[in-house]
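Input: a single structure, listed below in structure tokens.
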Amino acid sequence: MINTWDRSREMLERSRRSLAGGVSSPFRAKAPVPLFFENGHGVRLCDVDGNEYIDYQLAWGPMILGYSHPAMVERLRIQAEKPLSYGAQHELEIVVAEKIQSMVPCAERVAFTSSGSEAVQLAHRLARAATARPLILKFEGHYHGWMDSALVSYKPYEHEVGPLASPYAVLGSCGQVNNAAENTIVAPWNEPEILEQILDEHKGRVAAIMMEPVLCNSGCLMPHPGYLACVRELADRHGTLLVFDEVITGFRIDSGGAQRHFGVTPDIATFGKAVGGGVPLSVVAGSADIMQQMFTGGVVFGGTFNGNPFSLAGADVCLTELSRDDGAALRHANEMGARLMAGIRSISATHGIPLKLTGFGAAFYLHFTDKDAPSGYRDNFNDDQDRLQHFLHAALREGVILVPDGRVYVSAAHSEEDIAETLHKIGEAFQKLAHVCGGSR
Ligand SMILES: Cc1ncc(COP(=O)(O)O)c(C=O)c1O
């Protein structure tokens with residue numbers, strides 16, 4: 001049981017006097033208590049007050065091998081003695097590109113960037129150039145980074161969404177150019193008939209249908225059976241490219257991403273987070289023709305840190321670990337996650353707390369609702385956000401860190417013992433929650 005976060009609070013106050021907002025990403029300010037950490041090993045993190053936690057945030061996703069993984073530490077130590085960047089070619093680029101090619105079905109060719117947002121920007125540009133069409137069709141609730149062209153209808157409020165059959169394109173930020181929404185059309189996800197209607201209305205103008213193949217950013221919602229194949233078919237019929245944003249699903253649901261897991265191959269895919277195991281790296285993968293446009297098709301793309309050896313050394317270690325024994329590490333992560341999901345379901349039922357879990361083992365989501373488990377973005381409006389915040393805070397007090405929006409990431413480093421210990425702590429948190437908010441029995 002954690003009693004004090006005094007040092008973290010003091011450091012946040014000090015930080016706010018120099019660092020805008022006191023945190024390096026405003027999303028992090030939403031944590032129940034913005035903590036300052038000083039170390040971590042495996043699945044455990046230590047904060048500056050000396051508290052230890054079992055972590056299910058994985059730094060918002062990248063730490064798929066856990067913290068301070070011995071092979072990663074060793075390799076990066078060696079790599080750090082060589083130039084951190086060349087701004088030119090080196091063999092690790094080929095090594096990592098070949099690894100991705102062998103793991104990811106759509107990866108005839110790859111390109112390296114540094115963040116998921118950048119990878120999405122390149123995917124948009126490649127799709128528009130390849131089709132000579134202006135529009136990107138995206139889905140309500142899907143997050144594709146914070147760039148002007150991508151931040152549309154990410155988390156629209158209930159009063160903003162418009163009719164389900166023709167959702168409004170809602171800008172996500174002050175200061176964003178208005179015409180971002182003019183080049184984007186929005187559809188509800190998991191609704192094939194509506195998608196077909198919207199594509200018909202915009203015939204010949206849609207460059208790409210872009211989606212998170214599992215809607216991880218708004219509730220870890222799974223695609224309905226057959227939905228991804230249906231979208232693939234619709235895209236082909238309309239001469240539109242299919243883009244999977246696998247920044248979360250990639251190297252997590254399966255070593256070949258959601259595209260291998262569900263057996264549906266997109267034309268372009270973006271990767272980030274887990275691909276580097278903690279180093280900053282993102283990837284665009286796609287057919288040779290589409291990717292060649294950067295060299296002979298007039299598509300401009302750049303990046304000082306693209307393909308830097310330090311990031312690629314991290315990715316080399318991470319992908320080696322994830323591809324060993326035909327993806328055993330990710331099978332383990334997903335198995336541990338499934339066990340955690342089953343345990344949480346059972347504990348919440350014992351306490352009479354209405355809770356639905358959605359997602360897959362290595363990434364899932366807690367919905368405090370007595371309605372059916374959500375399957376589309378708008379169903380998330382039924383979630384009791386106050387109860388979620390109470391729960392996250394109670395779990396933190398017990399020494400369990402979850403993502404501040406109710407997401408849970410499970411890594412290859414979580415063991416059966418970690419899961420058992422976590423379930424015990426979560427049981428304590430639910431008991432407190434039932435006391436504060438009341439159960440339904
Ligand atoms: C699906 C998806 N795409 C793109 C991004 C943007 O990635 P980054 O934060 O590295 O820019 C994220 C980030 O969370 C994401 O979840």
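Remember, it's 1-based here, ligands and their atoms both numbered in the order they're listed. As a basis for the values below, the full set of heavy atoms in this structure was taken, side chains included, without hydrogen atoms, waters or symmetry mates.
With a heavy-atom cut-off of 4.0 Å, Tyr143 touches ligand 1 through backbone and side chain alike. If you look at His142 next to ligand 1, there are no close heavy atoms at all, none under 4.0 Å. Of the heavy atoms in His144, only backbone atoms (N, CA, C, O) come closer than 4.0 Å to ligand 1. Contacts between Asn217 and ligand 1 below 4.0 angstrom, taking non-hydrogen atoms only, involve the side chain exclusively.
Between Tyr227 and Trp189, the two ring planes are perpendicular [angle over 60°; tilted spans 30° to 60°].
For ligand 1, the atoms lying closer than 4.0 Å to a non-hydrogen atom of Ser117 are 6 (C), 7 (O), 8 (P), 11 (O). Using a 4.0 Å cut-off to heavy atoms of Glu212, the atoms of ligand 1 that qualify are 1 (C). In summary, the atoms of ligand 1 found under 4.0 Å from a heavy atom of Ile248, numbered by their order in the structure, are 16 (O). Of all atoms in ligand 1, listed by their number and element, those nearer than 4.0 Å to a heavy atom of Gly116 are 6 (C), 7 (O), 8 (P), 10 (O), 11 (O). The atoms of ligand 1 that sit less than 4.0 Å from any heavy atom of Ser115 are 10 (O), 11 (O).
Using a 4.0 Å cut-off between charged side-chain N and carboxylate O, Lys30 and Asp405 make no salt bridge. Under the 4.0 Å criterion applied to side-chain N and carboxylate O atoms, Asp383 and Lys356 are not assigned as salt-bridge partners. Classification of Glu335 and Arg331 as a salt-bridged pair fails, no side-chain N sitting under 4.0 Å from a carboxylate O. With salt bridges taken as basic N to acidic carboxylate O contacts below 4.0 Å, none links Glu246 and Arg252. A salt bridge does not link Asp379 to Lys371: none of the charged nitrogens lies less than 4.0 Å from a carboxylate oxygen.
Atom 3 (N) of ligand 1 has Asp245 OD2, 2.6 Å as its closest protein atom, hydrogens excluded (heavy atom only).
For Phe364, there are no ring pair (Phe, Tyr, Trp, His ring centres under 6.0 Å) partners at least two apart in sequence or on another chain.
Of the N or O atoms in Trp146, none lie within a sub-3.5 Å distance of an N or O in ligand 1.
Among Lys273, Met147, Gln121, Glu246, the residue whose heavy atom sits closest to atom 14 (O) of ligand 1 is Lys273.
Note that Arg44 lies outside the cation-pi zone of Tyr67, set by a 6.0 Å cut-off to the ring centre and a 45° limit from the axis.
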